[in-house]
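Working notes, structure below.
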Amino acid sequence: MKKHTIYIAGPITVDKEHYQEHFRKAEEHLKDLGWEVINPALEEYDDCFYKETGEKDKWTPEAWLFYIKRDMDLVSECEAIYLLEGWEQSPGANVEYITAKKFNLAIYFENENSIIPAKE
């Protein structure tokens, strides 16, 4: 039987230094609860930021559009979304949250410790 799938959403562009560790810990926690986890923070995003202008906290429009389209497809394949602390400051996580609401996914918040074990 296929495990139930959950997507992790949270701040990447606003937390470039620590986002991978934050997402990785959430992934481990969710897997321990029986979820199949979609973790969009597994890859490096360093090449997506403006380097010529020194704006390391802003993504190029092309990169942001590419990843947000990819992530919308991933969210649509899940039955739940898990929003990490600080998600409200992330433009991408806000889009993922709205998408999850539109697809009527279960929505869990890390800061509320609201996650439930995956259904058997």
Side-chain angles (χ1 to χ4, degrees):
M1 176 178 237
K2 184 179 179 217
K3 289 185 180 179
H4 297 280
T5 307
I6 192 166
Y7 180 90
I8 302 173
I12 291 177
T13 57
V14 296
D15 186 19
K16 293 182 308 301
E17 305 277 325
H18 305 101
Y19 75 89
Q20 285 184 314
E21 180 66 15
H22 194 182
F23 276 73
R24 187 190 58 72
K25 285 181 180 178
E27 180 180 7
E28 288 175 8
H29 173 64
L30 296 168
K31 283 182 175 179
D32 287 347
L33 292 172
W35 289 95
E36 182 176 311
V37 179
I38 303 296
N39 179 352
L42 292 176
E43 53 187 281
E44 295 285 337
Y45 295 105
D46 291 340
D47 62 337
C48 298
F49 297 99
Y50 288 106
K51 290 195 171 101
E52 318 77 52
T53 62
E55 294 185 78
K56 295 199 178 211
D57 58 338
K58 286 183 134 183
W59 280 34
T60 63
E62 298 81 12
W64 197 86
L65 184 60
F66 172 83
Y67 285 107
I68 203 67
K69 284 180 176 179
R70 179 205 65 179
D71 293 347
M72 294 307 92
D73 287 342
L74 294 172
V75 170
S76 71
E77 295 172 7
C78 296
E79 77 171 57
I81 188 170
Y82 186 69
L83 294 155
L84 299 177
E85 288 185 40
W87 73 270
E88 302 93 333
Q89 286 78 47
S90 168
N94 273 273
V95 173
E96 293 159 348
Y97 169 74
I98 291 166
T99 302
K101 286 185 77 159
K102 290 290 183 188
F103 282 111
N104 204 27
L105 305 183
I107 299 173
Y108 301 107
F109 299 90
E110 177 185 40
N111 60 353
E112 294 178 5
N113 208 10
S114 62
I115 188 68
I116 60 169
K119 302 170 195 159
E120 292 297 323

Test of understanding: clusters of I, L, V, M, F, W, Y form through side-chain heavy atoms closer than 4.5 Å, transitively. Do [X] and [Y] belong to the same one?
{"X": "Leu83", "Y": "Val75", "value": "yes"}
{"X": "Leu105", "Y": "Tyr108", "value": "no"}
{"X": "Leu33", "Y": "Leu84", "value": "yes"}

Quiz item: Is there a donor-acceptor pair closer than 3.5 Å between any side-chain N or O of Ser90 and the backbone N or O of Trp87?
Solution: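 The answer is no, because no donor-acceptor pair under 3.5 Å joins these two groups.
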
Quiz item: Under 3.5 Å, is there a donor-acceptor pair between the side chain of Glu27 and the main chain of Asn39?
Solution: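 A pair under 3.5 Å: no.
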
Quick check: do [X] and [Y] have side-chain heavy atoms less than 4.5 Å from each other?
{"X": "Tyr97", "Y": "Ile107", "result": "yes"}
{"X": "Glu77", "Y": "Thr5", "result": "no"}
{"X": "Val37", "Y": "Ile8", "result": "yes"}
{"X": "Pro40", "Y": "Phe23", "result": "yes"}
{"X": "Cys78", "Y": "Ile38", "result": "yes"}
{"X": "Trp35", "Y": "Tyr7", "result": "no"}
{"X": "Glu110", "Y": "His29", "result": "no"}

Practice problem: Report the distance from atom CD of Glu36 to atom CD of Glu79, rounding to the nearest 0.5 Å. | Solution: 10.5 Å

Self-check item: CG (Asp32) with more than 12 external heavy atoms under 6.0 Å
Solution: yes

Quiz prompt | Cationic N near anionic O, under 4.0 Å, Lys31 to Glu28 | solution =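 Salt bridge between Lys31 and Glu28, a charged N being under 4.0 Å from a carboxylate O: no.
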
Practice problem: Considering non-hydrogen atoms only, spot the tightest contact between Glu96 and Ala9 and give its length. | Solution: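 Minimum heavy-atom contact is OE1-CB, 3.1 Å.
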
